[in-house]
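Each remark here refers to the structure printed beneath this line.
Numbers for residues simply follow the sequence, beginning at 1.
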Amino acid sequence: MRGGWSPREGANSRPPSSMASCAEPSEPSAPLPAGVPPLEDFEVLDGVEDAEGEEEEEEEEEEEDDLSELPPLEDMGQPPVEEAEQPGALAREFLAAMEPEPAPAPAPEEWLDILGNGLLRKKTLVPGPPGSSRPVKGQVVTVHLQTSLENGTRVQEEPELVFTLGDCDVIQALDLSVPLMDVGETAMVTADSKYCYGPQGRSPYIPPHAALCLEVTLKTAVDGPDLEMLTGQERVALANRKRECGNAHYQRADFVLAANSYDLAIKAITSSAKVDMTFEEEAQLLQLKVKCLNNLAASQLKLDHYRAALRSCSLVLEHQPDNIKALFRKGKVLAQQGEYSEAIPILRAALKLEPSNKTIHAELSKLVKKHAAQRSTETALYRKMLGNPSRLPAKCPGKGAWSIPWKWLFGATAVALGGVALSVVIAARN
């Protein structure tokens, strides 16, 4: 049979399959390659005992075997066959093979738990190029964002999303994960709803309490603008962006982030400028400042920061004394602090400016009732401190109001005349 094994080849020959499965001990000088399983080491050692007795037979087998198609020994890291092996080399290799291999280094975790609570995680999909840096707070970053629900439904894609890192311009999941990325990196971020759009969601695509998967590619990161060098229109555009971010946070009932965005808008408006602005730009900035201060006061009221809210309302009224929203919120702040006597005149002034406002009507009526109850309580307290007036003797209904004063006047006159007479007598005796 062609290509097979035949008995006519002799007792010393073996089928080719046995040549592929184990190594012949014809040349003890060839060491085993590193990493060979221990079973093959034992087979090699078993053949060493008969190496001398079968040396001549193996030489005949080598002449018949065709090893031209086997890979060169150098590919497996073995030394050349011609080199003479030192005595005991096989034993040393056997002992080395029996030694335990060092434990491999632990593979780095694929997912990074950003906050340690498992609700916000990041996984690198494509690492950034070598030498790339990470953005820092205050830099303006540009990302390619793909937003999906947990079931894989893609709901949003923004190829060029630009925001200032750390200014709460975007959802917290982005603000917290992008600083951990290199420029040029693509990462997958899984975020709980509390770091996305919360219980309100984002109509019409993101339902309430929805966890999101964000695929983010960080394209660029540059330093933020110098506020002093901004033109009037650039200031207006920057402040409007911050105000709109605050409005979005306020609608999601995230009043802390809303107040932060309004503060940043006011800072962009009021910072010193080295660029001249026109009168129209200044008027536009003033109107924008009043809006931001009013919204800031509303956020501070929601957070029960009454002193801060009162200060924001007062700043609005310095620029616009007849601003109804500022008057209403200032009256409401004073009412929350129990200052009803100060709050009622302010609400009446707001109602005079807008008599049809039902909200001001309701708040004013409520304050008037609370103020009356407060005065009754104070009166009762004063009576308790000064004694119970019900125990005082009642006035006689038949006597006029001047009865008691005339008695006091008559007695005082008698005393005065007596004193004069006594002094005259003493002077005569002297």
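- A donor-acceptor contact closer than 3.5 angstrom links the side chains of Glu157 and His144.
- Taking all atoms of both residues into account, the shortest heavy-atom contact from Pro179 to Leu165 is CG-CD2, 3.7 Å.
- The 12-atom threshold is exceeded at CD of Glu228, counting heavy atoms of other residues, nucleotides or ligands nearer than 6.0 Å.
- Between the CG atom in Leu264 and the SG atom in Cys292 there is a gap of 10.0 Å [rounded to 0.5 Å].
- Between the side chain of Arg235 and the backbone N or O of Leu227, at least one donor-acceptor pair lies under 3.5 Å.
- The CD1 atom of Ile266 sits 6.5 Å away from the OG atom of Ser312 when rounded to the nearest 0.5 Å.
- Shown here are the ring pair (Phe, Tyr, Trp, His ring centres under 6.0 Å) partners of Tyr250, two or more places apart in sequence or in another chain: Phe255.
- Under the side-chain contact (heavy atoms from CB on, under 4.5 Å) test applied with Tyr195, the options Ile171, Leu119, Val189 reduce to a single match, Leu119.
- Remark: side-chain polar atoms of Asp113 are paired, donor with acceptor, to backbone N or O of Gly118 under 3.5 angstrom.
- Screening Leu174, Thr142, Val141, Asp169 against Leu161 for a side-chain contact (heavy atoms from CB on, under 4.5 Å) leaves a single residue, Leu174.
- A heavy-atom distance below 4.5 Å is not found between the side chains of Ile206 and Cys196.
- Residue Pro199 comes nearest to His209 through the heavy atom pair CB-CE1, 3.3 Å, listed as atom of the first residue, atom of the second, then distance.
- Remark: the backbone N or O of Leu317 is not paired with any side-chain donor or acceptor of Asn323 at under 3.5 angstrom.
- Side-chain N/O atoms of Thr124 and Lys122 include a donor and acceptor closer than 3.5 Å.
- Two residues are said to be in side-chain contact when any heavy atoms from C-beta on lie closer than 4.5 Å; Asn357 and Phe328 fail this criterion.
- The neighbour count for Asp276 CG, taken as heavy atoms of other residues, nucleotides or ligands under 6.0 Å away, does not exceed 12.
- Between Pro207 and Ala210, the shortest heavy-atom distance links the atoms O-CB, 3.2 Å.
- Looking at Thr153 and Tyr205, their side chains never come closer than 4.5 Å, going by heavy atoms from C-beta outward.
- One finds a salt bridge joining Glu363 and Lys366 here, because a Lys/Arg side-chain nitrogen approaches an Asp/Glu carboxylate oxygen to under 4.0 Å.
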Practice problem: Decide side chain to side chain contact (heavy atoms under 4.5 Å, CB included) for Leu212 and Tyr197; before the verdict, give the C-alpha distance in whole Å, the side-chain angles of both, and the deciding distance to 0.1 Å. | Solution: CA-CA 9 Å; Leu212 298 179; Tyr197 295 99; 3.9 Å; yes

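- Taking all atoms of both residues into account, the shortest heavy-atom contact from Cys213 to Met188 is CB-SD, 4.2 Å.
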Self-check item: Full working for side chain to side chain contact (heavy atoms under 4.5 Å, CB included) between Lys330 and Leu310
Solution: CA-CA 6 Å; Lys330 184 174 183 179; Leu310 187 62; 3.6 Å; yes

Could you give the side-chain donor-acceptor pairs of residues 334-352 under 3.5 Å, partners two or more places apart or in another chain?
residue, atom, partner, partner atom, Å
Gln336, OE1, Tyr306, OH, 3.4

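- Between the side chain of Lys219 and the main chain of Pro159, a donor-acceptor pair closer than 3.5 Å is present.
- Atom-to-atom distance recorded for Leu112:CG and Met181:CE is 12.0 Å, nearest 0.5 angstrom.
- Counting only heavy atoms from C-beta outward, the side chains of Val140 and Pro225 approach each other to under 4.5 Å.
- With contacts defined as side-chain heavy-atom distances shorter than 4.5 Å, the pair Lys274/Asp226 does not qualify.
- In this structure a side-chain-to-backbone donor-acceptor pair under 3.5 Å is missing from Asp254 to His249.
- Across all their heavy atoms, Ala221 and Pro135 have their closest contact at CB-CB, 3.8 Å.
- Taking every heavy atom of both residues into account, Leu214 and Ala173 meet most closely at CD1-CB, 3.9 Å.
- When atom types are taken as modelled, the side chain of Arg329 and the backbone of Asn294 share a donor-acceptor pair closer than 3.5 angstrom.
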Practice problem: Evaluate the criterion side chain to side chain contact (heavy atoms under 4.5 Å, CB included) for residue pair Asp182 and Leu218; output intermediate values, then yes/no. | Solution: CA-CA 7 Å; Asp182 296 328; Leu218 179 56; over 6 Å; no

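- A distance of 12.5 Å separates CD1 in Ile269 from NZ in Lys242, rounded to the nearest 0.5 Å.
- Interatomic distance, CZ of Arg121 versus CG of Asp192, reported as 11.5 Å (0.5 Å rounding).
- Side-chain contact check for Gln172 versus Leu257: some heavy-atom pair is nearer than 4.5 Å.
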Quiz item: Going through the checks in order, is the side chain to side chain contact (heavy atoms under 4.5 Å, CB included) test met by Thr190 and Trp111?
Solution: CA-CA 10 Å; Thr190 61; Trp111 287 97; 3.8 Å; yes

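- The side-chain heavy atoms of Gln284 and Gln233, taken from C-beta on, include a pair separated by under 4.5 Å.
- Around CZ of Arg252, the count of heavy atoms belonging to other residues, nucleotides or ligands within 6.0 Å exceeds 12.
- Residues Gln320 and Gln287 form a side-chain contact, since some pair of their non-hydrogen atoms from C-beta on lies under 4.5 Å apart.
- Distance check, rounded to the nearest 0.5 Å: CG of Leu293 to CG of Leu288 gives 10.0 Å.
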